[in-house]
Amino acid sequence: MAESTHEKILRVVRRIPRGRVATYGQVSKLAGFARQPRLAGYALRHADDTVPWQRVVNAAGRISPRADPDSIPRQRLILEAEGIQFSATGVVDLKRYQWRPRRR
DNA sequence: CGTCTGACGATAT
DNA sequence: TATATCGCCAGAC
């Protein structure tokens, strides 16, 4: 069985530790798909509860909007429960919270 | 099997 | 600084 694109993406997302976030672009790059941030978004859309999808935010440090408007406050609450703070404008400070993997 | 659709971001103009 | 272009996966129908 060849590993699918989505599986590679999800494998990376599962490495993001609690209390940290990664961007779509970062995830896709680590999975071997540089400059294809959409692939990370596509994969997360189909992700189940075995993957910490809430730890992926966009390059601006904001939660990416989806069909369900309630998904934003919902994701935010989970991240805050993990210790991540949001600015008054709803932005995560990537300088402070972005995941920096050691190797691979 | 063709078309549509959905968690993005670097680059060009 | 703002808007357009492009890359190109996978499930639903």
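Chain A is the first sequence line, chain B the second, and so forth, proteins listed ahead of strands; every chain is numbered from 1.
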Query raised in the report: Separation of Tyr24(A) atom OH from dG6(B) atom C1', in whole Å?
Result: 11 Å
Report summary line: Sorted by position of nearest nucleotide on DNA chain C, 5' first, the leading residue of His46(A) and Pro37(A) is Pro37(A)
Query raised in the report: If you look at every strand shown and take non-hydrogen atoms under 4.0 Å, does Ala43(A) touch a base, only sugar-phosphate, or nothing?
Result: nothing
Query raised in the report: Does a side chain donor of either Glu80(A) or Gln85(A) reach within less than 3.5 Å of an acceptor in the other side chain?
Result: no
Report task. Check the distance between dG6(B)'s P and Tyr42(A)'s OH and give it to me in whole angstrom. Result -> 10 Å
Query raised in the report: Hey, does the side-chain of Arg45(A) have a donor or acceptor N/O within less than 3.5 Å of a partner on the base of dG6(B)?
Result: no
Report summary line: Closest heavy-atom pair, Thr50(A) versus Arg14(A), reported as atoms and distance to 0.1 Å, is OG1-NH1, 2.9 Å
Report task. Among dC9(C), dG7(C), dG9(B), find the nucleotide with the atom closest to the side chain of Arg38(A). Result -> dG7(C)
Query raised in the report: What is the distance, rounded to the nearest whole Å, between atom CG of Leu30(A) and atom P of dC8(B)?
Result: 18 Å
Report task. Please tell me which of the listed nucleotides, dA10(C), dC8(C), dC8(B), lies nearest to the side chain of Thr5(A)? Result -> dA10(C)
Requested in this report: Measure the distance from NE2 on His6(A) to C1' on dG11(C) and round it to the nearest whole Å.
Outcome: 9 Å
Query - Interatomic distance, Leu79(A) atom CG to Arg76(A) atom CZ [nearest 0.5 angstrom] - result: 9.5 Å
Report summary line: Stem ranges of DNA chain B by first residue number, counting only runs of at least 3 Watson-Crick or G-U pairs under 3.5 Å, come to B:2-6 with C:9-13, B:8-13 with C:2-7
Query raised in the report: Does a sphere of radius 6.0 Å around CZ in Arg35(A) hold more than 12 heavy atoms from other residues, nucleotides or ligands, not counting ones at 6.0 Å or beyond?
Result: no
Query raised in the report: When we call it a touch if two heavy atoms are under 4.0 Å apart, what does Ser4(A) touch: a base, just sugar-phosphate, or nothing?
Result: sugar-phosphate
Query raised in the report: Are Arg20(A) and Glu82(A) ion-paired here, with the side-chain N under 4.0 Å from a carboxylate O?
Result: no
Query raised in the report: When you measure from the side chain of Gln36(A) to the backbone N and O of Gly25(A), does any donor-acceptor pair fall under 3.5 Å?
Result: no
Query raised in the report: Between Gln36(A) (CD) and dA10(C) (P), how many Å, whole number?
Result: 12 Å
Query raised in the report: Within this structure, what is the CD1-to-C1' distance between Ile9(A) and dC8(C), rounded to whole angstrom?
Result: 12 Å
Report summary line: NE2 of His46(A) to CD1 of Ile9(A), rounded to nearest 0.5 Å, is 12.0 Å
Query raised in the report: CG of Leu94(A) versus C1' of dC8(B): gap in Å, rounded?
Result: 14 Å
Query raised in the report: Starting at CG of Leu39(A) and ending at P of dG6(B), how long is that distance when rounded to a whole Å?
Result: 17 Å
